[in-house]
Structure formats: C-alpha cells, structure tokens
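Step one of this worksheet: look at the structure below.
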Amino acid sequence: MRLLKTDEFSSVFNLRCSVGNEYFQVLGRPNGMDRARLGVVVGRRTDRRAVGRNYIKRTVRELFRHEAVQLAGIDLVVRPRRAFGRAEGAAARDALAQLFRRIRGRFPQGGGGV
C-alpha cells in the first residue's frame with residue numbers, strides 16, 4: 001500500500017491534483033486498482049531532527065491506514081508544510097483527515113477501473 005518507485009511518485013506529482021491546508025499538501029491520482037497507495041515526503045526543511053520527521057511520517061501512515069478503504073483507487077503523496085509534535089498531533093490528524101475527504105471528492109469514482 002506504498003508508493004516506492006520514483007516513477008510512481010512522479011506520476012502523482014505530474015497530475016498536479018492537490019489540496020492543502022496549514023499542515024499538509026496532499027496530491028492525488030487515480031491508480032486503476034482496488035486499493036489506495038501512499039507516499040510520504042518529509043524533508044529536512046520541515047523538521048531538522050529525524051525524531052520529528054519520523055513522528056510526522058508515523059502519524060500520516062496511521063491515519064492513512066484507517067482511511068485506506070475510503071480512498072481505494074487513488075495514489076496519494078502527502079507533504080507536510082510545517083513540523084508538529086505530540087501537542088499539535090490531534091489538530092494535524094484532523095487537518096489531514098479533512099484533506100483526505102477533499103481529495104476523495106476530486107475522484108468520485110475512486111479511480112477503480114481507469
């Protein structure tokens with residue numbers, strides 16, 4: 001359920017279908033499969049410490065795991081816009097859940113069979 005290859009990430013970036021808020025930018029693309037796939041891009045500019053970057057990635061993956069059924073048929077790339085810690089974790093998860101709902105609305109058929 002992960003995007004691993006450069007070509008998979010590039011295809012999502014090239015479509016340029018994105019939604020965003022103060023915490024995240026989410027890019028999406030129909031994948032023609034019956035499941036969703038996720039890629040997470042967290043650069044050093046977001047948080048200099050590896051502990052912070054890993055926390056952000058874990059948070060994104062966990063929320064994706066809960067939402068994966070509703071996102072079936074879509075490849076997603078999540079890019080955090082700013083760092084957040086445990087104190088802001090709940091607000092960041094809510095913001096990401098909202099973005100997942102918005103990107104799902106861009107692909108009403110879910111991308112399956114495309």
Side-chain angles (χ1 to χ4, degrees):
M1 295 179 71
R2 294 174 51 192
L3 298 176
L4 298 172
K5 298 178 182 170
T6 304
D7 292 343
E8 295 169 345
F9 276 89
S10 296
S11 67
V12 176
F13 283 119
N14 289 337
L15 186 61
R16 298 186 190 278
C17 180
S18 70
V19 293
N21 58 27
E22 67 176 298
Y23 287 102
F24 298 100
Q25 177 185 26
V26 177
L27 296 99
R29 171 187 178 280
N31 65 14
M33 298 182 208
D34 61 347
R35 61 188 159 103
R37 298 187 301 176
L38 175 71
V40 183
V41 179
V42 184
R44 281 185 97 180
R45 185 177 291 174
T46 303
D47 193 339
R48 289 193 48 128
R49 296 178 40 210
V51 171
R53 292 192 305 271
N54 290 337
Y55 177 75
I56 292 169
K57 288 188 266 189
R58 281 195 313 272
T59 302
V60 170
R61 285 189 202 117
E62 181 64 17
L63 186 61
F64 174 78
R65 189 176 68 81
H66 290 288
E67 301 281 333
V69 173
Q70 289 84 17
L71 296 167
I74 302 172
D75 284 346
L76 299 167
V77 174
V78 177
R79 296 170 64 183
R81 289 194 166 155
R82 67 183 186 95
F84 59 89
R86 284 180 168 69
E88 293 181 275
R93 284 189 295 275
D94 290 341
L96 185 57
Q98 179 185 19
L99 291 178
F100 282 165
R101 285 191 297 274
R102 285 176 53 198
I103 200 81
R104 186 175 51 226
R106 299 267 178 110
F107 308 108
Q109 73 283 3
V114 171

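Just so you know, these numbers use all the heavy atoms, side chains as well, and skip hydrogens, waters and symmetry mates.
Hydrophobic clustering keeps V78 apart from V41 (ILVMFWY residues linked when any side-chain heavy atoms are closer than 4.5 Å, directly or through intermediates). Placement of L63 and V60 within a single hydrophobic cluster is found when ILVMFWY residues are connected by side-chain heavy-atom separations under 4.5 Å, directly or transitively.
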Report task. Assess whether ring-ring contact (aromatic ring centres under 6.0 Å, His included) is satisfied between F84 and F24, documenting all intermediate values. Result -> CA-CA 11 Å; F84 59 89; F24 298 100; 5.7 Å; yes
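The residues R53 and D47 are annotated as not salt-bridged, no charged nitrogen and carboxylate oxygen being separated by less than 4.0 angstrom.
A donor-acceptor contact under 3.5 angstrom links the side chains of R82 and Y23, judged on distance only.
Contact of the P30 side chain with the L15 side chain is registered, since non-hydrogen atoms from C-beta on lie closer than 4.5 Å. Between V42 and Y55, every side-chain heavy-atom pair lies at or beyond the 4.5 Å cut-off. Side chains of D94 and Q98 form no contact here, defined as non-hydrogen atoms less than 4.5 Å apart. Contact of the V40 side chain with the F64 side chain is not registered, since no non-hydrogen atoms from C-beta on lie closer than 4.5 Å.
With E8 contributing its side chain and L4 its backbone, the two residues share a donor-acceptor pair below 3.5 Å.
Screening V12, L38, L96, V77 for a side chain to side chain contact (heavy atoms under 4.5 Å, CB included) involving V26 leaves a single residue, L96.
Atoms CD and CG, from E67 and L76 in turn, are 10.5 Å apart once rounded to the nearest 0.5 Å.
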